[in-house]
Structure formats: C-alpha cells, structure tokens
Amino acid sequence: MDDLARLSDDALVERLQRAAFAYLTQFVNPENGLVADTSRENSPCSIAVVGFALSCYPVGVKNGWMPRTDAARRTLATLKFFFQSAQNDTAEATGYKGFYYHFLDMQTGKRVWQCELSLIDSALLMAGILTAAEFFDGDGDESEIRSLADALYRRVDWRWAQSGTKAVSQGWKPECGFLHYGWEGYNEATILYVLGLGSPTFPISDEGYQNWGLTYQWENLVGHDVLYSGPLFTHLFSHAWIDFRGIRDAFMREKQSDYFLNTRRAIALHREYGERNPHNFKGYCRDFWGVTAGDGPSGQDLRLDGRDLRFFGYMSRGVPYGPDDGTIAPWAMLAVLPFDAKAALAGTRHLLESYPQVLSEDRFSSGFNPTLAVDGTGWLSDGWYGLDQGLLAMMIENHRSGLIWSLFGKSPYVRAGLKRAGFEGGWLQP
Amino acid sequence: MTDAPAGMAKPNDEDVFLRRVHPDAWRNPPPKELYDFAIIGAGPAGIVAAELAARSGYNVALIERNRIGGNSLNVGSVPSKSIIKTARVYAAMREVEAYGTPQPDEPPLDFAIVMDRMRRIRTRIAEYHSVEKLAGLGIDIFFANARFENAGAMRVGDSVLRFRKALIATGARPRPPEIPGLDDIGYLTSTTIFDLASLPKRLAVIGGGPLGCEMAQAFCRLGSHVIIVQNDPKFLPREERDAAEILSRSMARDGVEIWLNTTVVGAHTANGARVLETISNEVKGEIEADEILLSIGRVPNLEDLALEAAGISFDRDRGLEVDDFLRTTNPDVYAAGDACMELKFTNAAEASGRIATRNALGGAQETRRALSIPWCTYSDPEIAHIGMNVQDARLQSIPVKSFTVMMHDVDRAITDSQDFGFVKIHIAEGTEKILGATIVSSRASELINEMAVIMSAGVGMNDLANIVHTYPAESGAIVLAALAYVRDHRITD
C-alpha cells in the first residue's frame with residue numbers, strides 16, 4: 001500500500017482505473033460478450049455490466065490497454081449475441097420487445113433467477129451499445145458494429161414499457177406482467193428517459209418525462225439546495241455517459257442549476273453527513289463517505305450504544321434519510337472524480353491509508369463496514385462487483401479525457417432524446 | 001368492601017363507562033313537535049354539532065344507534081393511543097442499558113392490565129361528553145336507528161322526528177374484506193381488536209395504512225410476532241416516500257416482519273392456526289397467525305338511512321355527495337365526518353361538524369376547502385403532515401422548495417436519543433409562503449400543530465425565523481428550517 005501512497009495523483013488514478021477496467025476483460029465470456037455481475041463463483045451476467053464493458057473497450061483502446069481490433073472483436077461478439085438471442089414473452093428467453101432480462105446465464109444467455117425484464121438495466125446496456133457505435137467508425141467489423149447497434153436500439157419498444165400510462169414501469173415479468181412500481185423521485189433513470197425519448201421507432205411520450213419530474217424534491221438540506229436523491233450512485237449513473245455541464249431541462253432552468261452541479265452538491269452533502277456522523281458509525285468523517293447501493297453485511301444484529309443496529313445486506317443505502325447501517329462503497333469516492341477531484345482524492349487516499357484492505361489486486365471491494373468488526377477489522381464484501389468497476393473506469397476516463405461524454409454526445413439518438421426531454425444550451429446548441 | 005389495588009381497574013369502571021356512553025336503562029324522550037336540528041350519529045362530528053347548536057339556543061335531537069363518542073372514543077383514537085403508550089414504555093425498557101441500568105430480561109406482560117388501563121382511560125375521557133352532560137345542555141338524546149321518511153322527517157325507533165335542518169354524521173366502519181375464506185376463519189378489525197383478552201402470539205396485519213402500521217408496531221413491542229402485509233410497494237400511501245420509508249425501517253428494527261408488494265388472495269385454517277395465502281409478483285406464500293387484523297380502509301355508514309326518501313345522493317364507497325358548504329343534495333340536510341369527508345380522522349370530523357352546523361343554522365357560508373387539516377400516524381417515530389406535499393404543488397405548477405432539517409441535527413432530539421426523522425417545510429419558491437409541511441419525529445403529532453398555527457396565521461419564513469422558542473426543543477427544528485430559508489435570502493441593500 002505504501003507504494004500507492006507515494007504515487008502522484010495522476011499515477012494513482014490511472015493505476016486504479018486500469019485495475020477496474022481489467023475486471024471487464026477478466027470476468028467475461030468472450031464467445032458472447034457477457035460479463036459477470038460479480039467475481040464470485042457461478043455469478044450470472046448482469047446486462048448493465050455489459051453496457052459498462054461496451055463503453056469501456058474504447059477506454060482500453062485509448063489508453064493502450066487493448067488493441068482496437070480486439071476491442072472491435074469483443075464488441076461485435078457482444079452485439080451479435082444480443083441481436084440473435086431469443087426475444088419473446090416466454091420465461092426462458094433472453095429478452096422481449098428489445099429489452100433484456102436483468103441477469104443472464106453466462107454461457108447460454110438465458111434468463112436466470114426468474115428476474116425481471118429490466119428497463120433501467122436495458123437502458124444502460126443500450127447506452128454502451130450507442131457508445132460503441134460512435135467509437136467504431138471504421139470499416140469491416142466496425143461497420144458491422146454500427147449497423148447492429150442501430151438495429152438493437154431501434155428494436156427497443158419503449159412505448160410498450162409505458163403500458164398505456166404516462167409513467168415508465170421499472171420492469172416486466174412473463175409470469176405477472178409489469179411490475180407495479182414506477183420511478184418516484186429523481187434518481188438514476190434520466191438516461192432511461194433520454195434513450196426512450198430519442199427512439200425513432202417506439203419512443204415514450206413526452207408526458208412520461210414531465211410526469212416523472214412532478215415527483216422531484218428540490219430541497220435545502222444541510223445548507224445545500226439539491227435535487228434530492230439518497231444513494232450516491234443515482235447521482236452518477238446517467239452522468240457516466242451524459243455530460244450534463246451547461247445543459248438544462250425545464251426543471252433545472254426553473255432552479256437555475258444543472259444536473260452536473262447537482263451531483264457536486266450531493267457530494268458536499270454526503271461529505272457533511274460523513275463528518276456529522278449522526279449514527280456514530282466507526283470511520284465516518286469528511287473523507288470517509290460513499291453511502292450508496294451495494295453489498296453490505298446481513299443476518300446479524302449489533303447492540304450499539306444501547307440500541308439495536310440492523311444490517312441490510314445488499315441494499316440501496318442513502319443520505320441523509322437513510323437507510324444507513326455504517327456501510328460505504330469504497331469505490332464511490334473515487335468515482336466522483338469528474339465532479340470534485342479534490343474530494344475524490346482526499347477521500348480515496350484517506351481510505352487507502354486507514355483501511356488498505358478495501359483494495360485487492362488494486363480493485364475496490366463493493367462494500368465495507370468498519371462498525372461491524374469481523375476478525376478485528378471491518379466487514380468487507382467478498383470479491384468485486386462489475387457495476388462498481390465499470391462505473392469507476394468510465395468516470396475516471398471522463399475526468400481524464402472526457403472520452404465517453406464526447407462519444408455519447410455525438411449520437412443523434414441521444415441528442416434527439418435530450419432535446420425531447422427539454423434540454424437546451426451548452427454543447428447541445430447547434 | 002376493599003378498594004382494588006392501586007393501578008388496577010376498579011370492577012365498576014366498565015359500568016361507569018356504559019353509563020356515560022349508553023346507559024342500560026335509558027328511555028328516549030318524547031319527541032318535540034319540530035326540531036331545529038336533528039343529528040344522526042353521536043361521534044366526534046355529531047357531538048360538536050349538538051353542543052354548538054344547543055349552546056346557541058336551538059332545540060336539538062341527537063340520535064345514536066350504539067354508543068356516544070363514535071369510533072374515536074370507543075374503538076379508535078383513544079384506545080389505540082393508550083395501547084401505543086404502553087408499547088412505547090416496553091420499547092424504552094429494551095434500551096435502558098444506554099442509561100446505565102442493565103436491561104431486564106424480557107419484561108413479563110400482563111395483557112389484562114394493559115387492557116384495563118386502556119378501559120380506564122376511555123372511561124375517564126367519556127365523561128367530557130357523556131350522555132348526562134349532553135342531556136344537561138338540553139339535547140334530546142335518542143338511542144335508536146334512524147331512517148328518513150321524507151325530506152323533512154325521519155323515523156327514530158317508534159317515533160317520527162320532524163326537523164328544520166338535519167346533519168348526517170354516521171361515520172364509517174372497517175371496509176369488509178374481499179378475500180375468499182377470510183370471513184370463515186374470522187378476523188379482527190379496528191372495531192374488535194380492543195376486545196382481545198390475551199396477547200396473540202402471532203398477529204398478521206393486512207393493510208399498511210396508518211392504523212395497520214400503528215397496531216403492527218404496538219403489538220410487536222408488546223411481544224407478539226407480527227407480520228404486516230401490504231399490497232403497495234410502500235406503507236402509508238398518502239405520505240411522502242422518505243417518511244414512509246423511515247417508518248418501514250423503524251418497524252423492521254422493532255422486529256415487525258414486513259411483506260410489501262404482497263396481496264392476500266385467500267385464507268384457511270390448518271393445525272389450529274389461521275393461514276393467509278399470499279402472492280408477491282408470481283411467488284406464492286403463506287402466513288400462519290393466531291389472530292388476523294384487517295385494516296384496509298373504511299366505508300361510510302349510509303345504507304340503513306333510507307337516504308333516497310329524503311332526496312339525498314351518495315356513493316357507497318366515497319360517501320355522501322356534498323357541496324363545498326357540506327350540504328347534501330337535500331338543501332336542509334348537511335353532512336360531517338367520515339360519512340362525507342375524504343380524511344377520515346377525528347379532527348376532520350369535528351372541524352366539519354362545526355362548519356356544517358354554522359352553515360345549516362346560522363346561514364354561514366364556510367367552506368370545507370378552507371379547512372387545513374393536519375393528520376398524524378402515531379407510530380414511533382410519528383408521521384404528521386399538513387397542507388400540500390411537493391407533488392400537489394408541482395401538479396398545480398407551483399415551483400416548490402423544501403427546507404429540511406434532520407432530527408439528528410436537532411439538539412433536543414440528540415439529548416433525548418430520539419433523533420430519527422425530519423421536519424420538512426414546503427414553500428412556494430421565490431416567496432416566503434408556506435404551502436405545507438411533513439414532520440417525522442417522536443413528537444410529530446405536537447410539532448405539526450405549530451405548523452397549523454403558523455399556516456393559519458399566514459406567518460411566512462422570515463417571521464418564523466424570528467419567533468423565539470424554548471431551547472432545547474424538538475420544535476427548534478421548525479425554526480432551523482426557517483433560519484435556513486433566511487440564510488438563503490440574505491439581507492441586501
């Protein structure tokens with residue numbers, strides 16, 4: 001760990017980025033491009049992680065970690081699999097209506113765990129597909145990538161996912177139809193709406209996005225005006241692809257802010273919460289934060305200061321309303337690099353110095369809880385999660401070069417979606 | 001004869017209670033020729049209406065088919081809050097270690113004493129509006145069923161009462177289940193749960209509204225194993241998401257087993273237990289319980305009133321059709337309380353009872369829309385709300401901003417280790433006008449009333465920031481929210 005502490009900021013960041021990137025090539029089935037949800041044995045593929053992987057192959061090429069032909073070959077294999085796999089309403093298919101099931105068998109590509117046809121995860125997959133289409137602008141494999149990407153995106157029936165209502169459902173199952181909960185309050189779904197609105201074939205209606213906006217909470221919290229969402233990742237996911245600097249929709253015009261600035265404020269809120277540490281958790285301070293969705297301890301209770309403390313397992317944790325059980329995501333501080341580099345580096349260096357065990361093979365664990373002592377140190381999530389690694393590799397690249405932002409912003413579908421959502425200004429101006 | 005030990009219910013407590021709410025030997029008075037005001041239902045709405053009219057010199061008939069006080073006193077707010085108090089004491093006992101005394105073994109519970117305490121409290125509160133007190137105001141009290149004969153008369157028992165004006169305040173009852181098999185195996189409702197003689201080992205609660213959540217948490221704290229089943233993905237559908245989620249976690253911390261997004265589709269008995277058949281997405285499940293509490297809302301009591309004879313329109317689900325002045329489709333007949341109000345709470349019943357009476361008898365033109373009614377779910381922490389929520393405002397295109405103070409940043413909540421929750425004040429952005437507030441705290445039921453006064457007086461955020469409060473106090477959170485507003489709007493030349 002000493003060697004990490006001695007590295008310059010740039011060298012440290014690049015080393016951690018490369019390790020995160022390498023997850024996507026280590027835990028992949030090269031035949032079909034499916035990437036494992038976690039590094040744990042028998043983990044299925046998460047389609048969202050595939051979306052991150054497709055976005056990261058260009059990062060590998062740019063940094064010289066992967067030859068362009070290799071990246072194109074992997075991307076093409078992935079797109080071919082998704083194009084050719086079974087699309088129907090049976091329980092064993094890979095997808096339906098152009099969307100895909102959240103978790104797929106790594107080998108067969110069939111749905112596992114009776115999971116839902118996931119709209120947000122399909123959107124993240126499509127974001128990766130559109131990123132690849134912008135990066136690979138050559139002939140041969142690269143030309144095939146572009147036509148497959150176009151066909152895959154055009155096939156998605158976003159309008160069907162509104163099921164005749166104004167709202168977009170969170171998912172669908174062949175056994176019971178649409179899940180009866182929608183999107184309430186600001187969260188990571190902006191990219192889902194933008195891609196749904198940009199479709200030239202089956203777009204969602206304009207009211208869908210406006211209706212979602214009616215549930216937004218603009219709050220003054222701990223001295224910051226912020227569009228509230230509790231878990232940190234919700235302020236990052238859409239931002240991994242979309243550069244929100246200087247572009248505003250009607251809501252942000254009304255509030256004289258933008259979504260990029262909003263993430264900066266959310267970060268400030270998380271840091272202040274860490275410093276106040278209202279529940280007296282071990283470790284929390286201005287440089288130890290990152291309460292978000294992810295793995296955490298479960299199945300045990302702890303008496304802390306005469307109160308029962310319950311642990312939530314894999315859970316979406318948030319600030320300041322909770323839930324919070326003292327678990328942070330060790331990768332999360334570094335992932336805010338493009339928004340607040342000072343905070344990201346101060347937090348990450350403090351974490352690595354105080355709790356070096358959160359890193360193995362230069363890769364961050366998904367969850368860490370020092371309040372719950374295990375073997376004299378804190379509870380630590382086993383292995384790695386693909387979502388964490390993919391998001392981190394992308395966010396670092398956006399900080400270093402803006403590569404993903406610039407690729408994604410070139411997509412005509414993305415530009416159309418943003419405009420239909422009411423975004424104006426900045427780089428969207430003609 | 002010796003007195004009962006201190007703290008125990010005296011044997012005649014229940015007799016005293018019945019004397020106050022429905023004396024055994026009661027004889028209805030001979031009806032007057034014509035009543036200025038005939039009121040059907042002696043719950044909170046009917047009582048305030050009767051008292052107000054009688055004190056104003058009108059002759060009043062008050063007709064009740066069961067007991068004075070309605071649900072609120074007999075089977076609602078009063079008994080539930082006394083049980084909730086006991087449950088809070090039990091929960092506090094589990095956290096005494098932090099205060100320097102060892103935690104006792106699971107405190108033994110004498111359920112009979114818990115229920116005696118509740119009955120004693122109910123008896124005491126029944127005195128304030130007892131039959132004797134009401135009759136003393138000159139109100140003619142009839143214990144009987146009422147049915148309209150025509151637009152100006154109703155049959156009450158064997159008599160016919162003629163009226164100039166009438167008020168329907170018949171309240172509501174627990175909504176019956178539409179779950180196959182549940183009627184056969186038997187279940188409790190908010191009306192019958194307070195008759196329990198022993199604490200159920202396993203209690204299944206169907207419905208995650210205010211009453212279901214309150215009772216689930218209370219019975220869990222008293223020692224029942226409680227499972228609560230809710231159709232929706234969250235509890236308290238009327239509340240803001242953050243508030244409902246804090247309650248959900250609080251119940252889970254107490255040990256309530258929470259089955260959200262789950263529908264009860266059938267019921268049967270097996271091995272002496274009651275069994276609920278459930279389905280969540282496509283997954284089937286079963287819940288075994290000794291008792292089942294059904295809490296899926298309330299329906300108005302209107303079917304037996306022969307309303308059509310008086311030209312009064314109603315909907316079986318939504319209640320009486322009334323205009324903004326609480327007048328029914330018969331211009332001489334008004335309505336108040338659960339029989340017509342969307343908010344089925346005691347305070348809404350009383351407030352509407354007053355408005356309806358002044359409109360009916362005094363020719364006032366008060367509207368129910370002008371009423372700002374706070375409400376509270378008496379869970380721990382309590383969840384209270386008044387006025388608009390964010391979505392209401394945004395639907396009306398009002399730019400809205402919420403000033404939020406977490407209770408864990410409020411000194412008094414910290415000193416008392418009761419720091420779960422928040423105060424959230426919604427304002428119209430660009431102004432200092434308060435649109436509404438949501439409060440989650442151990443004392444939200446009290447704090448929300450400060451917001452009621454503030455809003456009713458039209459106090460804005462600037463003035464609120466200058467109102468000096470005691471220190472430390474949980475209500476300091478309200479001032480902190482106002483101070484955040486002031487910081488946001490600094491003095492300019």
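This structure is a prediction, so every number in the text was calculated from the model and none was measured.
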Based on non-hydrogen pairs under 4.5 Å, which of A/D225, A/L221, A/L309 is most in contact with chain B?
A/D225
Under 4.5 Å to a heavy atom of chain A? For B/F422 that would be side chain
Given B/R487, B/E97, B/M406, the one with more heavy-atom pairs under 4.5 angstrom with chain A than any other is B/M406
State plainly whether the residues A/R276 and A/E272 are in salt-bridge range, i.e. N to O under 4.0 Å.
yes
Between the main-chain N or O of B/R221 and the side-chain N or O of B/R94, is there a donor-acceptor pair closer than 3.5 Å?
yes
With the threshold set at 4.0 Å, does a side-chain nitrogen-carboxylate oxygen contact exist between B/R412 and B/D416?
yes
Identify which of A/E219, A/E175, A/E116, A/Q217 forms the greatest number of heavy-atom pairs closer than 4.5 Å to chain B.
A/E219
Got B/M388 and B/I398 here, is their nearest side-chain heavy-atom distance under 4.5 Å?
yes
Among B/N261, B/I246, B/I279, the residue with the most heavy-atom pairs under 4.5 Å to chain A is B/N261
Considering only heavy atoms, which portion of B/D392 lies under 4.5 Å from any heavy atom of chain A: side chain, backbone, both, or neither?
neither
What part of B/A252 lies closer than 4.5 angstrom to a heavy atom of chain A: side chain, backbone, both or neither?
both
Check whether NZ of the Lys or CZ of the Arg A/K255 lies under 6.0 Å from the centre of the six-membered ring of A/F251 and within 45 degrees of that ring's axis.
yes
Heavy-atom proximity to chain A below 4.5 Å, by part of B/R253:
both
Honestly, the part of A/N211 sitting under 4.5 Å from a heavy atom of chain B is neither
Using non-hydrogen atoms only, which part of B/Q103 is less than 4.5 Å away from chain A: side chain, backbone, both, or neither?
side chain
Between A/D325 and A/R310, is there a salt bridge with N-O shorter than 4.0 Å?
no
Is a salt bridge present between B/E382 and B/R88, judged by a nitrogen-to-oxygen distance below 4.0 Å?
yes
Using non-hydrogen atoms only, which part of A/F178 is less than 4.5 Å away from chain B: side chain, backbone, both, or neither?
neither
Short question: side chain of A/T292, backbone of A/F233 - any donor-acceptor pair under 3.5 Å?
yes
Which atoms of B/S248 are under 4.5 Å from chain A, going by heavy atoms: the side chain, the backbone, both sets, or neither?
neither
Does any backbone or side-chain atom of A/Q114 lie under 4.5 Å from a heavy atom of chain B? Answer side chain, backbone, both or neither.
both
Could you tell me whether B/R443 and B/E474 make a salt bridge, using a distance below 4.0 angstrom between a side-chain N and a carboxylate O?
yes
Against B/T438, only a single residue in B/E239, B/K424, B/H385 fulfils side-chain hydrogen bond (donor to acceptor under 3.5 Å, both in side chains); can you say which?
B/H385
For B/Y99, is it the side chain, the backbone, both, or neither that has a heavy atom closer than 4.5 Å to a heavy atom of chain A?
neither
Count the heavy-atom pairs under 4.5 Å between each of B/N389, B/L395, B/D242 and chain A, then report the option with the highest count.
B/D242
Heavy-atom cut-off 4.5 Å, strictly under: side chain, backbone, both or neither for B/D409 against chain A?
side chain
